[in-house]
Amino acid sequence: QVQLVESGGGLVQPGGSLRLSCAASGSVLRINAMGWYRQAPGKERELVADITNGGDTNYADFVNGRFTISRDNAKNTVSLQMNSLKPEDTAVYYCNAFTLTPILSIKRIYWGRGTQVTVSS
């Protein structure tokens, strides 16, 4: 089992910045990749960014260079630095972790409870 706890959400004005953090605990040695998803009211959950243990990153098109995902494997944390925030970025942001058990090749996906990000003037 992997437990994920997000922090750093809150209210920010358009153009402002927030830094989200996610701390993983439990079977952290099984984690292959971590990332951030978000879900706005009335919309489906969508990928924001993810990063592998090797440091390879992937971003959604709407990020448009505004966000940066980073991971500290030693601390088992992943962060999302968000700059130039827009009202349409308002959503619940969820931390995600993917694990793969050796030999049995059992894949599991874990989610945090989410942290609210509100961009409004």
Side-chain angles (χ1 to χ4, degrees):
Q1 287 286 335
V2 172
Q3 294 79 46
L4 304 172
V5 180
E6 303 98 334
S7 63
L11 174 65
V12 65
Q13 296 188 69
S17 299
L18 283 174
R19 184 176 180 86
L20 306 182
S21 296
C22 174
S25 61
S27 302
V28 295
L29 295 180
R30 302 277 177 84
I31 296 176
N32 178 258
M34 298 182 69
W36 290 93
Y37 288 68
R38 72 184 188 185
Q39 186 168 21
K43 296 184 178 180
E44 296 183 350
R45 188 173 299 185
E46 61 183 349
L47 172 72
V48 178
D50 57 25
I51 184 169
T52 67
N53 289 350
D56 296 324
T57 59
N58 178 54
Y59 295 93
D61 289 340
F62 63 76
V63 170
N64 196 28
R66 299 177 298 134
F67 303 167
T68 302
I69 189 170
S70 61
R71 181 177 180 180
D72 188 333
N73 290 336
K75 297 181 179 180
N76 300 307
T77 60
V78 63
S79 299
L80 184 69
Q81 178 66 48
M82 303 188 293
N83 302 319
S84 302
L85 285 164
K86 306 174 181 179
E88 50 263 44
D89 293 319
T90 297
V92 177
Y93 284 70
Y94 296 91
C95 183
N96 161 268
F98 162 74
T99 65
L100 182 64
T101 301
I103 301 176
L104 296 179
S105 298
I106 299 175
K107 184 177 72 176
R108 291 191 174 95
I109 300 175
Y110 299 90
W111 298 95
R113 293 183 178 180
T115 183
Q116 178 70 49
V117 172
T118 302
V119 185
S120 176
S121 60

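Fair warning: this is a prediction, and the values are worked out from it, not measured in the lab.
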Val78/Cys95 under side-chain contact (heavy atoms from CB on, under 4.5 Å): CA gap, chis, key distance, verdict: CA-CA 8 Å; Val78 63; Cys95 183; 3.9 Å; yes
How close do [X] and [Y] get, counting heavy atoms only, and between which atoms?
| X | Y | result |
| --- | --- | --- |
| Gly8 | Leu18 | O-CD2, 3.7 Å |
| Gly112 | Tyr94 | O-CD2, 3.5 Å |
| Ala24 | Ile31 | CB-CD1, 3.9 Å |
| Asn83 | Ser17 | OD1-OG, 2.9 Å |

Side-chain (Thr52) to main-chain (Ala33) donor-acceptor, under 3.5 angstrom: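 Answer holds: no.
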Under 3.5 Å donor-acceptor, Arg66 side chain and Phe62 backbone: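 It does hold such a pair.
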Pair Glu6 + Arg113, salt bridge at N-O below 4.0 Å: no
Qualifying residue for side-chain contact (heavy atoms from CB on, under 4.5 Å) with Pro14, from Ser121, Ser120, Ser84: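 Exactly one option meets the side-chain contact (heavy atoms from CB on, under 4.5 Å) with Pro14, and it is Ser121.
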From CA spacing to verdict: side-chain contact (heavy atoms from CB on, under 4.5 Å), Arg30, Thr101: CA-CA 6 Å; Arg30 302 277 177 84; Thr101 301; 3.5 Å; yes
Would you indicate whether [X], at its atom [atom1], is surrounded by more than 12 heavy atoms from other residues, nucleotides or ligands within a distance under 6.0 Å?
| X | atom1 | answer |
| --- | --- | --- |
| Leu104 | CG | yes |
| Arg19 | CZ | yes |
| Gln1 | CD | no |

Name of the residue among Asn76, Thr57, Asn53, Asp50 meeting side-chain hydrogen bond (donor to acceptor under 3.5 Å, both in side chains) with Arg71: Asn53
